[in-house]
Amino acid sequence: MSMPKVLLIYTGGTIGMVADARSGALQAVNLDHLEEQVPELLRMGVALETVTFGRPIDSSDMHPEHWVRIASIIGERYSEFDGFVVLHGSDTMAYTASALSFLLAGLSKPVILTGSQLPLGAIRTDGKENLLTAIEIAAARENGMPIVGEVAVYFEYSLYRGNRTVKVHAERFEAFRSPNWPVLAEAGTHIRYDRSALLPSRQGPLQVHGGMGNGVGVVSLFPGIRAEAVQAQLADRGLQAAVLQTFGSGNGPTDRDFLDVLRGACERGIVLVNVTQCVGGRVEQGRYQTSRALVEMGVVSGQDLTTEAAITKLMFLLGQGVAGGELAQRMAIPLCGEMASA
Ligand code: ASP
């Protein structure tokens with residue numbers, strides 16, 4: 001049997017960072033001679049090719065154009081490789097994973113994002129295990145078919161659905177969770193996949209979409225938020241849609257000024273999507289009196305979407321030229337496992 005082929009796309013992030021000689025601040029550098037830093041790569045039985053993605057960056061500098069570029073690299077090399085690993089900073093990894101899940105329609109091969117909390121060069125690095133296991137998952141096949149056929153994040157012994165992932169810790173090696181979806185696989189002495197949690201395998205060609213819209217905002221509620229402040233946010237001329245981060249199961253203040261501002265935005269055709277500020281659980285608009293008005297004015301329930309998935313799904317659909325009422329309808333329909341159906 002021939003060796004599985006994996007393409008490693010290096011975008012930057014802590015995994016490849018070194019400390020600046022003067023300031024000591026970590027900065028992304030080219031990850032040259034990866035095999036010298038991780039000699040185990042040569043013994044994996046995987047044919048690995050690495051592409052460095054432009055100038056390596058800290059993921060705080062990630063931009064939707066980068067997501068489109070990563071998707072197009074995967075699209076261009078799709079037939080050559082069994083799987084793809086994207087090395088990426090952890091800070092915005094959940095956004096990139098969500099965006100890629102939408103941009104890579106009909107994906108049936110693994111696209112595994114990973115990175116680390118400590119650079120590969122650090123003695124206690126978590127990067128080595130993350131890198132090696134992500135490659136193993138990207139190369140894994142059963143009966144000639146890939147086991148994972150979706151965009152996923154691998155971090156600290158767990159594989160998560162990409163568009164369900166959130167970064168939950170700034171320091172711990174266990175930096176990610178997917179509170180509303182089971183872990184796809186756990187890596188111990190064996191890698192144990194949860195078949196019932198993985199997306200069913202898809203047939204048909206990959207369709208790589210290009211272009212993300214940028215008319216998206218986020219309004220995060222807090223007790224005492226001023227209607228004028230929300231008004232200012234929603235008055236942005238370029239705004240086509242906004243994620244409304246609400247309390248609990250989708251609730252918000254009931255004062256008239258605040259509701260009038262939201263209603264005005266809905267009337268101007270701005271699509272508002274309700275997601276909860278809670279780490280887990282779903283929005284149930286209308287369950288409490290404090291969300292009834294949102295239903296009446298046409299705020300879309302984001303169900304159990306993460307904020308990251310809601311923002312990138314809006315950008316994706318806007319990039320497809322979908323706006324207004326059609327955007328509101330399409331936001332309620334799951335695209336690739338990112339949300340429960342209504
Ligand atoms: N600031 C880094 C980044 O997101 C953190 C990391 O890689 O974990 O690029």
Side-chain angles (χ1 to χ4, degrees), residues 8-20 24-31 34 37-38 50 52-64 66-67 69-71 74 84-101 103 110-138 148 150-181 183-187 279-280 306-312 338:
L8 190 73
I9 303 169
Y10 172 55
T11 70
T14 298
I15 195 157
M17 285 187 182
V18 294
D20 178 76
L26 288 171
Q27 58 187 21
V29 292
N30 277 326
L31 201 55
L34 193 55
Q37 292 200 58
V38 190
T50 307
T52 295
F53 172 85
R55 182 179 60 83
I57 53 171
D58 186 298
S59 76
S60 300
D61 281 325
M62 269 285 158
H63 190 275
H66 295 116
W67 304 334
R69 180 81 195 106
I70 299 169
I74 293 170
F84 302 83
V85 171
V86 181
L87 288 184
H88 193 289
S90 63
D91 289 350
T92 66
M93 190 182 286
Y95 291 88
T96 301
S98 300
L100 289 178
S101 76
L103 289 168
V111 172
I112 314 297
L113 284 89
T114 195
S116 65
Q117 295 277 54
L118 284 175
L120 269 180
I123 309 257
R124 287 194 307 109
T125 186
D126 52 328
K128 199 163 163 175
E129 194 283 324
N130 285 348
L131 171 65
L132 294 171
T133 308
I135 294 171
E136 194 169 330
I137 293 170
V148 178
E150 58 182 291
V151 178
V153 166
Y154 179 76
F155 229 85
E156 192 65 5
Y157 305 113
S158 295
L159 184 74
Y160 308 94
R161 171 160 303 155
N163 55 30
R164 294 283 195 158
T165 307
V166 283
K167 185 172 180 182
V168 292
H169 211 282
E171 292 170 45
R172 282 200 190 139
F173 289 157
E174 199 188 347
F176 288 91
R177 288 273 164 78
S178 59
N180 286 333
W181 196 254
V183 167
L184 304 181
E186 270 180 52
V279 179
T306 62
T307 296
E308 292 86 337
I311 291 172
T312 52
E338 77 282 7

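Judged by distance alone, with hydrogens and angles left aside, the side-chain atoms of Thr14 form no donor-acceptor pair with the main-chain N or O of Pro119 at under 3.5 Å. Distance alone, capped at 3.5 Å, is enough to place a donor-acceptor pair between the Asn130 side chain and the Glu156 backbone. With hydrogens and angles disregarded, no donor-acceptor distance shorter than 3.5 Å links the side chain of Thr92 to the backbone of Tyr95. Between the side chain of Gln117 and the backbone N or O of Arg172, at least one donor-acceptor pair lies under 3.5 Å. Of the possible polar contacts, one joining the Asp126 side chain to the Leu118 backbone as a donor-acceptor pair under 3.5 Å is found. The closest donor-acceptor contact from the side chain of Thr306 to the backbone of Ala309 lies under 3.5 Å.
Residue Glu338 holds its CD atom at 8.5 Å from OG1 of Thr312, rounded to the nearest 0.5 Å. From Met17, atom CE reaches atom CD1 of Ile57 across 9.0 Å, with rounding to the nearest 0.5 Å. Separating the OG1 atom in Thr52 from the CG atom in Leu8 is a distance of 8.5 Å, to the nearest 0.5 Å. Note that OG1 of Thr125 is 9.5 Å distant from CG of Leu131, once rounded to the nearest 0.5 Å. The OG atom of Ser158 lies 8.5 Å from the CZ atom of Arg177; values are rounded to the nearest 0.5 Å.
For Asp61, there are no side-chain hydrogen bond (donor to acceptor under 3.5 Å, both in side chains) partners, not counting sequence neighbours. Applying the salt bridge (charged side-chain N to carboxylate O under 4.0 Å, His left out) criterion to Asp91, with sequence neighbours excluded, gives Lys167. Legend: residues meeting side-chain hydrogen bond (donor to acceptor under 3.5 Å, both in side chains) with Ser101, ordered by chain and number and at least two apart, are Asn163. Listed by chain and number, the residues in a salt bridge (charged side-chain N to carboxylate O under 4.0 Å, His left out) with Glu186 amount to none (sequence neighbours excluded). Listed by chain and number, the residues in a ring-ring contact (aromatic ring centres under 6.0 Å, His included) with Phe176 are Phe155 (sequence neighbours excluded). For Ala134, the side-chain contact (heavy atoms from CB on, under 4.5 Å) partners at least two apart in sequence or on another chain are Val85, Ile112, Thr114, Tyr154.
Heavy atoms of other residues, nucleotides or ligands lying less than 6.0 angstrom from CZ of Phe173 number more than 12.
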CA sep, side-chain torsions, deciding dist, call: Leu100, Leu113, side chain to side chain contact (heavy atoms under 4.5 Å, CB included): CA-CA 10 Å; Leu100 289 178; Leu113 284 89; 4.2 Å; yes
Trace of the side chain to side chain contact (heavy atoms under 4.5 Å, CB included) decision for Tyr157 with Glu129: CA-CA 8 Å; Tyr157 305 113; Glu129 194 283 324; 3.6 Å; yes
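Residues Lys128 and Leu132 are in side-chain contact: their nearest non-hydrogen atoms beyond the backbone lie under 4.5 Å apart. Taking the side chain as every heavy atom from C-beta outward, Leu120 and Leu34 approach each other to under 4.5 Å.
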